[in-house]
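Down below is the structure, laid out as C-alpha cells.
Indexing begins at 1, ligand by ligand and atom by atom, following the structure's order.
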Amino acid sequence: MAKLKLANIDDVVNGEMIQSTINNKNYLIAKIDNTIYVTSDMCTHEDAELTMGCLDGTKVKCPLHGSFFDLTSGKALNEPAEDPIIIYKTEIKNNQIFIDD
Ligand code: FES
C-alpha cells in the first residue's frame, strides 16, 4: 500500500487542526498533546467540513448541527450524525505526516 504525504508536522499547531487537500480529497489533521490524528473532513450527517468546527480535546464538533466525533475512533458521539467519520492510520517520517493511500 502506498503512503500519501499530507503535511509537515510543523504545519499543525498543538491543540489545533488544519485541512489538507490531496487528490481532491479533504483530510482533517489535528495535533492533540503532540499526537497527530487524521480523519475524513466531512460530517456524516450533511455536507459540512469538520475543520470549520472546533476541537474539544480529542473530539471535533461539527459547525452545522453540533454533532461531536471522536478523533480516536471516528465514532459520532451525539445526534444528528450517527455514522462514524473515517480514521486514518498515520505515520510520521522525517517530520512529514503520511497515511496509507
Ligand atoms: S452537518 Fe454535521 S451534524 Fe449536521
Please list all pairs meeting side-chain hydrogen bond (donor to acceptor under 3.5 Å, both in side chains) that have one or both residues in residues 62-72, counting only residues at least two apart or in different chains.
His45-His65, Asp70-Thr72

Thr35 vs Tyr37 side-chain heavy atoms within contact, under 4.5 Å
yes

Below 3.5 Å, can you tabulate the donor-acceptor pairs from side chains in residues 79-100 to any protein atom, sequence neighbours excluded?
from   : atom 1 : to   : atom 2 : distance (Å)
Glu91  : OE1    : Lys3 : NZ     : 3.1
Gln96  : OE1    : Lys5 : NZ     : 3.4
Asp100 : OD1    : Lys3 : NZ     : 2.5

Under 2.8 Å from atom 2 (Fe) of ligand 1, the protein N, O or S atoms, given as residue and atom
Cys43 SG, Cys62 SG

Residues 24-32 side chain polar contacts: donor-acceptor under 3.5 Å, at least two apart:
from  : atom 1 : to    : atom 2 : distance (Å)
Asn26 : OD1    : Thr21 : OG1    : 2.7
Asn26 : ND2    : Glu49 : OE2    : 3.3
Lys31 : NZ     : Ile9  : O      : 3.1
Lys31 : NZ     : Val12 : O      : 2.8

Donor-acceptor pair, distance only, cut-off 3.5 Å: does the side chain of Asp41 make one with the backbone of Leu50?
yes

Look at atom CG of Asp10 and say whether more than 12 heavy atoms of other residues, nucleotides or ligands are closer to it than 6.0 Å.
yes

